[in-house]
Trainee: 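Take this structure first; my questions come after.
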2 protein chains.
Amino acid sequence: MTSHDPDERVAGPAPAPPGDATPATSPRAAAPAPAPPGGGAGLPALRGHNAALMLGLLRAAGPAGVSRLELAAHTGLTPQAVSKILARLRVDGLVAEAGRRASTGGKPPTVLRLVPEARYAIGLHLDRDELTAVLTDLAGRTVAARTAPLDLGAGASAVLDTVAGQLAALPDEARSSRVLGVGAACPGPLDHTAGVLRRVTGFPDWDGFPLRDALAERLGLPVVLDKDTNAAALGLARRAPDGRGSFAYLHLGTGLGAGLVLGGVLYRGARTGAGEFGHQVLQLDGPRCGCGKRGCVEALCLDRAARGEPAEAARILGVAAANLVELLDIDRVLLGGRTVLARSDTYVRGVAGALAEQARIRGDGGTSAIPVAVAEGGAQAVADGAAHLVLAPLFGAPGTPFGGGGAAEPR
Amino acid sequence: MTSHDPDERVAGPAPAPPGDATPATSPRAAAPAPAPPGGGAGLPALRGHNAALMLGLLRAAGPAGVSRLELAAHTGLTPQAVSKILARLRVDGLVAEAGRRASTGGKPPTVLRLVPEARYAIGLHLDRDELTAVLTDLAGRTVAARTAPLDLGAGASAVLDTVAGQLAALPDEARSSRVLGVGAACPGPLDHTAGVLRRVTGFPDWDGFPLRDALAERLGLPVVLDKDTNAAALGLARRAPDGRGSFAYLHLGTGLGAGLVLGGVLYRGARTGAGEFGHQVLQLDGPRCGCGKRGCVEALCLDRAARGEPAEAARILGVAAANLVELLDIDRVLLGGRTVLARSDTYVRGVAGALAEQARIRGDGGTSAIPVAVAEGGAQAVADGAAHLVLAPLFGAPGTPFGGGGAAEPR
DNA sequence: GCACTTTGGCAACAGCGTTGCTTAAGTGGA
DNA sequence: TCCACTTAAGCAACGCTGTTGCCAAAGTGC
């Protein structure tokens, strides 16, 4: 079965066809209420919240797993409650027992871990000249990845064809019913909520195109659309040790953008346009930038880089990063993008220098220098992160409001 | 001093800072659960969440009130559930019926409203040379306000004496058991979580002083400590029509600071140091600022203001504000502080001009110019907002995590 | 081999919002 | 005047949540 039923509606949790007896997994409810935003919560929301929390802790534990009592301690829930919740997750196939740990003077604890192959997500990175598609499992591991040339200027139909072709070439799991959906990352600006592209620099024809719905219809899967920098930041957030940190991912390629993770949660802003970092004015009445303003970081930075002065470019980026750190009080800065990767040491050193200088001036002792590093993941980072646009709702982000996805039933 | 028994436990949910999930324990032990951060939720949390949500909607409705069915529609809860929740709140004395509205073809709806005098909070603004204390009721109205000279340099004991004296001069309600706590706002930087002051500019002796606990012990009430700009922003957030907006409050007085409300929630940052807006570098290698860096907005702005060029100062502030708007995608900018208020028209025009220019360049149509206004509340805005540091947890912020205060029992 | 510790499940329970139905209190047409 | 209809709100029973109390399982250590 290579193609999904084209008539299938994707948006809502479509009520399962009566004749189609879904296997073991228990379809709990047909999502009764559209839940007005900011709404009240009932028992289903409570269950979803705790289930998501537990899945998040299990994912953080990795292959090593966690014991029930450890989960109880981390969540503040009763061991008995943890047992019940885990029982539900085990029935759904998301969690499994994985042996026992050594005793500490009593009955040895049973170790639990995620079942990575229980669910999958597809991540797409639609760049200006290249398409990357990855298949990611529940644990966040990249199962498969493909890259193909792409011409964003070739029109919607051609782009959709390319995407469909690449997905068809992914392993069979990519077409199983265990795929939760597709995360698509594009150059901004775009409207995440509506799933519509805006004026992608250099490709004005895409302005207003409902890419999310077009992809959803073509692929027969739910689709989430977001900016490439946001996707990358989301992917990096998963790698954070505590899962609650705040950081900025600064992407310096042909342009300069940022993805902000504040308190462990991707920050998108009121109109999902946050992170437009490139056109922060850093030099009052400075040289005119392509955007029409004067003294934008992007222009200053890329100019120095083009002139073969990467150290100076890095210093400028560092000043902008220091602004960011002061304003948002984040605890980490990650760098990425082609321009950075070409001279990563220089850029890390330049930005770290600016931040160290600032820490020295503030001299807070406690708030010593903010660490700077090159973002892991390399060229695939955006596509990887795009998959997490779909996976993330399953896992309880540290301070998420009610009703994190919970044990999402596939399709 | 007052009639408070110093050993008495101030029961009920300790006022948690809005926006983050830290339980912010009162000096004494909290009764139920220490609730590990980001923890799981049970039925009490569910109840608290919905109660807080309801209180938030009731507050937003103001004296006009709301009907049960309207609350049901806004929350997504069943009318029956709304009835039950309101019954509990009425028993607690927080909510009361207030007549009926005209019929629309059936039984006329009963109107419900907050009982403003059911709870109170005290707001303190400890400025460098002045102390303002206000008594605020549940509806957010300022019941009483007092201002007295203060010398922050006179030492902790003298400052505490002054505070206690001012509180003693507030109306009797300020000493009733219905007072939930005290919100204290100071010039930054400080550590909101620990309740400890940092290097207040000009008063280095305060560095490391545990003001929150000192005030709590002296006054026998729970205390929440925060930066003056944060308090002001929180107070302004309550005035927002939708309650979910994002805005920045820019305070230009003897210094320049910002309070950020993102998605209806006060954003404090990882180490509660967010909003350090004054030392954003706006002119690469510009004139040296008192802070040690070069080209900070604060230095540029105040220099122009001192030179009698308010229009130029406003333009510079506008460029910095435009940076903020682009980075965080907020939908409103509010101005305040002595320097602004002295020439408010000039500053509003200057900042609005910069934002309009940016909107023109982006030319998004939808995202037309971000509105700019002078913050309401005047000199009392900070003290008013400080009271909301205590009140806010009672009301469900739009997207708050679990366990918003709920119906706090006094004593 | 026995006391002890640690782990984890079973059963009963209190409390949450939901469902189904009834009562209250209006409007409006015959 | 009466009766059908609409809207509002409460009562009772219910399903499901995490919690509590208790007990069985499975180790360690003397």
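The model shown is predicted, which means the values in this text are computed figures rather than measured ones. To find a chain, count down the sequence lines: A is the first, B the second, and so on, and within it residues start at 1.
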Trainee: Could you give the CG-to-P distance, from B:L86 to D:dA9, as a whole number of Å?
Mentor: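 Distance, rounded to whole Å: 10 Å.
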Trainee: Whole Å only: how far is the CG atom of A:L77 from the C1' atom of D:dT19?
Mentor: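 It is 10 Å, rounded to the nearest whole Å.
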Trainee: Tell me what A:S103 touches on the nucleic acid: a base, only sugar-phosphate, or nothing, going by heavy atoms under 4.0 Å.
Mentor: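 Sugar-phosphate, no base atom in range.
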Trainee: Just checking A:S83: base, sugar-phosphate only, or nothing, at a heavy-atom cut-off of under 4.0 Å?
Mentor: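 The answer is sugar-phosphate, as A:S83 gets under 4.0 Å only of primed atoms, P, OP1 or OP2.
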Trainee: Report the nucleotide, chosen from D:dT20, C:dG15, D:dG10, that has the shortest atom-to-atom distance to any side-chain atom of A:L43.
Mentor: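 The nucleotide sitting nearest to the side chain is C:dG15.
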Trainee: Measuring from the side chain of B:T78 (C-beta onward, heavy atoms only), which nucleotide among C:dT18, D:dA9, D:dT20 has the closest atom?
Mentor: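 Nearest to the side chain of B:T78 among the choices is C:dT18.
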Trainee: Within this structure, what is the CD1-to-P distance between A:I85 and C:dG8, rounded to whole angstrom?
Mentor: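 From A:I85 CD1 to C:dG8 P: 15 Å.
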Trainee: Counting the atoms with a prime plus P, OP1 and OP2 as sugar-phosphate, which does A:S67 contact under 4.0 Å by heavy atoms, base, sugar-phosphate, or nothing?
Mentor: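 Answer is nothing: A:S67 stays at 4.0 Å or more from every strand.
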Trainee: On the nucleotide D:dA9, are OP1 or OP2 found under 4.0 Å from the side-chain N or O atoms that B:T110 carries?
Mentor: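 Answer is yes, contact under 4.0 Å.
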Trainee: Less than 4.5 Å apart, any side-chain heavy atom of A:L94 and any of A:L394?
Mentor: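 No; the side chains remain at least 4.5 Å from each other.
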Trainee: Measuring to OP1 and OP2 of D:dT17, would you say a side-chain N or O of A:N50 lies under 4.0 angstrom away?
Mentor: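 For D:dT17, neither OP1 nor OP2 has a side-chain N or O of A:N50 closer than 4.0 Å.
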Trainee: How long is the line joining CD of A:E97 and P of C:dG9, in whole Å?
Mentor: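 Taking CD of A:E97 and P of C:dG9, I get 7 Å after rounding.
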Trainee: List the atom of B:R119, the atom of B:D92, and the distance in Å for their closest heavy-atom pair.
Mentor: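 So the two residues come closest at NH2-O, 3.8 Å.
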Trainee: Which nucleotide in the list D:dG18, C:dG17, D:dG10 gets nearest to the side chain of A:R88?
Mentor: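 Nucleotide nearest to A:R88's side chain: D:dG18.
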Trainee: Could you check how far CG of A:L53 sits from P of D:dT17, rounded to whole Å?
Mentor: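 Whole-Å distance recorded here is 16 Å.
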Trainee: If you assign each of A:G105 and A:P79 to its closest nucleotide in DNA chain C, which residue comes earlier from the 5' end?
Mentor: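 Whichever sits nearer the 5' end wins; that is A:G105.
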Trainee: With nearest nucleotide decided by heavy atoms, which residue, A:K84 or A:P108, maps closer to the 5′ end of DNA chain C?
Mentor: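 Going by which nucleotide is closer to the 5' end, it is A:P108.
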Trainee: Which nucleotide sits closest to the side chain of A:R100: C:dG17, D:dT17, D:dG27?
Mentor: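 Looking only at heavy atoms from C-beta outward on A:R100, the closest nucleotide is D:dG27.
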Trainee: With a 4.0 Å cutoff (strictly under), does any side-chain N or O of B:R68 reach OP1 or OP2 of D:dG10?
Mentor: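 It does, given that an N or O in the side chain of B:R68 lies less than 4.0 Å from OP1 or OP2 of D:dG10.
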Trainee: Just how far, in rounded Å, is P of D:dT28 from CZ of A:R101?
Mentor: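 From A:R101 CZ to D:dT28 P: 16 Å.
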Trainee: Would you say that A:Y120 contacts A:V390 through its side chain, given a criterion of any heavy-atom pair below 4.5 Å between the two side chains?
Mentor: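 Not touching, per the 4.5 Å side-chain cut-off.
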Trainee: Under 4.5 Å between any side-chain heavy atoms of B:L71 and B:L86, yes or no?
Mentor: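 Result yes, sub-4.5 Å side-chain heavy-atom pair found.
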Trainee: Locate the shortest heavy-atom distance separating A:R178 from A:E117; write the atom from each residue and the value.
Mentor: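 That would be NH1-O, 3.0 Å.
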Trainee: Specify the separation, in whole Å, of atom CG of B:L46 and atom C1' of D:dT19.
Mentor: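 Atom-to-atom, B:L46 to D:dT19, this comes out as 15 Å.
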Trainee: Output the distance between atom CD (B:Q80) and atom CD1 (B:I85), rounded to the nearest 0.5 Å.
Mentor: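 Output value for this atom pair is 10.5 Å.
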Trainee: In whole angstroms, how far is the P atom of C:dA12 from the CD atom of A:Q80?
Mentor: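 Rounding to the nearest Å, CD of A:Q80 and P of C:dA12 are 14 Å apart.
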Trainee: Is B:K107 side chain donor-acceptor paired with the C:dT27 base, going by distance under 3.5 Å alone?
Mentor: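 Side chain to base: no pair present.
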